[in-house]
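Okay, here's the structure, questions in a sec.
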Amino acid sequence: MTDNKHLLEYSIPQLLRWRVKTSPNRPALREKDFGIWNTYTWQDYYDHVRKTALGLRAIGLGKGSTLALISDNIPEILFVAIGAHSVGAVSAGIYQTSMPHEIAQILQSLKVTAVFCDNQEQVDKVLEVRDQIPNVQRVIFEDPRGMRGYRSDDWFIDIRELYRLGDLEHAKNPALFESLVDQGKPDDVCHLCLTSGTTGLPKGTMLTHKNYINMGIQLTEVDPLEPTDEYVSFLPFAWIGEQMNSFGVAMAAGITLNFPESVETAMSDLKEIGPHFMFGAPRIYETIRSQIWLKIDQSYWLNKLLYNYFIKIGIKAAQYRMHGKSMPLALKITSWLGKQFIFRPLVNQIGFLRLRRAYTGGAALGPELFTFYQAIGVNLKQIYGQTEIVGIAYMHRDGDIRPETVGKPLPGTQCKISEIGEILSQSDSVTPGYFELPEKSAELLEGGWLHSGDAGFIDEHGHLVVIDRISDVMHNKKGDMFSPMFLENALKFSPYIKEAVIYGNKEDFVACLINVDPIVVGKWAEDRGISFTTYMDLSGKPEVAELIMEQVIDVNSRAEKEHFKIKRFALLYKLLDVDDGELTKTGKIRRKYVQERYQNLYEALYDETVDKKDVEASFQYQDGQSTTVKTTIAFYTVKGV
Amino acid sequence: MAQLTISDVTLSFGGLKALSEVNMTIEPGLITSIIGPNGAGKTSMLNCISGFYHPTRGNIFYKDKKLTHASPHEVSNMGIARAFQNLELFSGLTVLDNLLLARHQNLKYSFLQAVVFYGKASRIEAENRAYVEDIIDFMELEPYRKSLVGNLSYGVQKKVEVARALTLAPDILLLDEPMAGMNQEEKEDIVRFVMDIQKEREITVVLVEHDLGVVMDISDRIYVLDFGEVIGSGTPEEVAQNPKVIEAYIGEG
């Protein structure tokens with residue numbers, strides 16, 4: 001691979017110009033429209049950026065202006081964004097699903113001067129809050145459908161009109177655009193990326209040309225991409241996960257970006273393109289696996305037989321491959337056969353045949369999912385990063401995939417764990433700060449390190465392990481840190497465990513309440529001839545407790561640190577429920593409430609002399625009736641902890 | 001000039017008068033709705049226009065052409081397309097094939113040209129596909145292009161039915177209860193399409209619909225039928241205040 005460090009000296013428009021010089025006629029963008037894939041070469045791409053840039057300049061954008069983008073992924077979103085960068089303006093992405101009042105707030109706080117919308121739906125939202133956004137001078141739209149009634153209002157401008165204005169400017173002064181592009185510097189801020197605001201208003205993270213390009217270079221240094229490689233752009237553009245690919249990776253590696261026909265067709269368009277790498281949240285991979293299982297289940301007997309035989313071999317082979325070990329010859333041969341007979345055709349069905357790497361990030365993904373994908377020949381890897389460091393800063397390396405970690409830092413990224421256990425990073429991709437929030441920026445970048453707000457540690461293989469948000473972690477009596485969510489996830493990766501509540505803040509050891517999975521454990525009990533009536537009855541069975549004990553011991557055996565080990569547990573007699581206020585609407589545990597409600601169980605967990613306790617359980621049925629039942633709950637101590 | 005003129009049309013089945021001396025004028029570029037209680041003759045009226053029935057007496061003119069006795073394919077060739085209340089689609093074919101099939105009247109090449117599939121035949125097929133793709137884009141049917149119609153939900157099938165009528169490139173589109181059996185969201189969706197058909201594609205729309213709310217919202221002109229007779233007509237406001245219409249809908253007060 002050629003050295004591409006010199007790319008860091010460019011701004012994004014300058015890098016685009018460099019791409020045009022080196023490969024003007026290679027496809028840069030592709031969009032499916034009217035059922036046909038239409039190609040834009042790098043030259044076309046640059047021409048469109050020029051038209052838009054000069055058009056934007058003609059309607060008054062320049063240094064100090066901010067242009068917001070509210071649009072599905074279409075080539076025009078890049079023309080407009082990079083066009084804005086070319087004239088020294090800054091772009092900002094807003095989620096298409098935002099409500100009008102949210103849009104108004106964001107437009108105000110980011111001091112936006114112009115908005116780009118893809119269609120009438122988004123235009124109408126901006127129109128609804130027009131009186132609250134006096135700074136917005138123009139609204140550019142792409143799809144003229146339904147815009148008839150707005151023609152007379154010159155607040156709105158069709159992108160074709162913008163192109164026309166740009167062409168006029170270019171005819172008048174052909175050297176203007178090049179000189180504008182020349183003025184760009186790699187350290188200029190080019191985009192404001194909204195960070196998900198769990199509290200209050202979202203913040204606009206300022207990102208520079210260099211931030212994006214550096215990320216692209218770092219990533220491709222580890223996982224090289226060829227200019228002939230394909231990528232399907234289907235994640236929301238306002239999310240860093242999409243921008244890092246279209247601004248960073250695509251520019252740095254010269255790959256082709258493909259835009260689906262519509263959001264609904266993204267998955268079938270992906271099949272047609274057959275991308276070489278993809279990025280997605282865990283949910284996408286979970287959904288695809290369910291689809292594969294369903295398809296296999298519906299397939300005829302020979303397919304099922306082959307699949308069930310070879311998946312076992314595939315999983316065995318995956319274990320070797322994930323840890324970079326060489327396989328015994330017999331396994332090598334059988335796993336090769338499995339790949340040829342069943343997995344290649346299978347993977348081809350979902351469009352993953354050419355996929356060299358699939359990245360997952362954003363949330364925890366169960367280890368069995370990694371093994372599953374590796375077994376069918378999809379190289380699924382965990383990444384870790386955040387908006388403030390352009391998405392990816394840590395990543396699994398090929399042949400070194402450990403599902404419980406997020407891998408090693410990218411080249412050029414330094415990692416440090418602070419005294420309080422926070423993950424700190426340094427690289428050329430770290431943001432210069434938040435837009436007009438100097439205090440927050442100073443906090444974020446204190447001491448020259450990017451403060452992630454996540455707790456973590458580096459394991460013996462040099463991999464980073466992310467534990468939890470710092471604000472959620474607990475400390476035991478000795479002051480050692482641990483994450484309840486991390487341990488709960490570890491437990492929940494067992495199919496028999498539905499929910500778990502971890503305790504241990506300022507205690508001697510970790511203890512937990514466990515909800516068994518009614519369906520899986522119910523089936524397990526049935527298969528063994530253990531009869532039960534209700535969920536309460538099932539949870540109270542000593543055989544079930546033994547089963548869960550095995551799971552807990554298994555989790556303990558994989559614990560990175562001694563104080564992560566679970567010492568005591570009890571099986572809760574009812575499922576934690578949203579309606580009872582024990583879970584949030586998104587299914588997260590409301591710790592404080594759960595602790596109060598089950599105070600008596602909590603006390604018993606930390607009194608090692610108690611092994612049984614009579615409790616009164618109050619229930620609320622779905623029809624609103626409630627009743628109280630007396631039951632005995634058993635507490636189990638794990639030996640050797 | 002009126003685009004479609006219905007003059008003194010009477011339709012009898014034996015002794016039963018489905019329509020009696022109906023007069024209507026359909027102005028170009030507008031949404032004209034025909035409403036009325038069950039059995040009022042709304043669908044019969046559409047059947048007369050589209051050539052499935054021929055009026056016993058009276059005449060129907062499209063611009064200055066008389067189509068009183070024209071057959072359905074002649075009517076459709078003139079530029080009047082119809083979307084049916086009970087879907088008339090091939091459920092074993094894909095959405096794309098259903099729409100391409102609707103353009104068969106444009107397939108004007110010989111058997112030999114079809115065999116060679118070069119020159120005229122391939123050019124015409126490509127034109128047809130481009131036209132159909134434009135309709136698919138317009139009706140937002142991209143996710144279903146290659147799905148069998150029979151496997152689609154009722155709401156989507158209705159959209160395909162309207163799309164099929166649109167592929168005929170009509171000047172007038174007859175919509176027979178496009179919103180029947182739909183939930184609120186699907187109805188709103190179809191209303192948006194009907195308005196776009198009128199405004200963006202500049203097609204005259206004749207709408208037969210039960211949902212009075214929808215009709216009052218989007219119609220430029222309304223005709224009210226009851227027992228085969230026009231009992232009221234005019235703008236939605238005029239019709240809403242017409243005592244005869246109120247009586248037919250609410251009963252004698």
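Convention: sequence-line order gives letters A, B, ...; per-chain numbering from 1. Everything quoted here is computed from the prediction, not taken from an experiment.
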task: Hey, could you give me the CE/CD distance between Met147(A) and Glu200(B), rounded to the nearest 0.5 Å?
output: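 Taking CE in Met147(A) and CD in Glu200(B), the distance rounds to 10.0 Å.
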
message: Please determine whether the number of non-hydrogen atoms from other residues, nucleotides or ligands lying under 6.0 Å from atom NZ of Lys146(B) exceeds 12.
response: no

task: Spell out the residues in residues 166-184 of chain B that have some non-hydrogen atom less than 4.5 Å away from a non-hydrogen atom of chain A, in order of number; otherwise answer 'none'.
output: none

Neighbour count above 12 (heavy atom, 6.0 Å) for Trp155(A) CH2: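 Atom CH2 in Trp155(A) is packed in, count exceeds 12.
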
- request: Output the option from Arg145(A), Glu264(A), Arg148(A) having the highest count of non-hydrogen pairs under 4.5 Å with chain B.
  value: Arg145(A)

message: For the interface with chain B, which of Asp33(A), Thr265(A), Asp269(A) has the highest count of heavy-atom pairs at distances below 4.5 Å?
response: Thr265(A)

task: Sort by residue number and list every member of residues 114-134 of chain B having a non-hydrogen atom under 4.5 Å from chain A.
output: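 The residues closer than 4.5 Å to chain A, in numerical order, are Glu133(B), Asp134(B).
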
query: chain A heavy atoms under 4.5 Å from Tyr144(B): which part of the residue, side chain, backbone, both or neither?
result: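 Neither part.
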
task: Determine, for Glu261(A) against Arg145(B), whether the closest basic-nitrogen to carboxylate-oxygen distance falls under 4.0 angstrom.
output: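 Yes.
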
- request: Measure the spacing between CD of Glu121(A) and CZ of Arg192(B) and express it to the nearest 0.5 Å.
  value: 8.0 Å

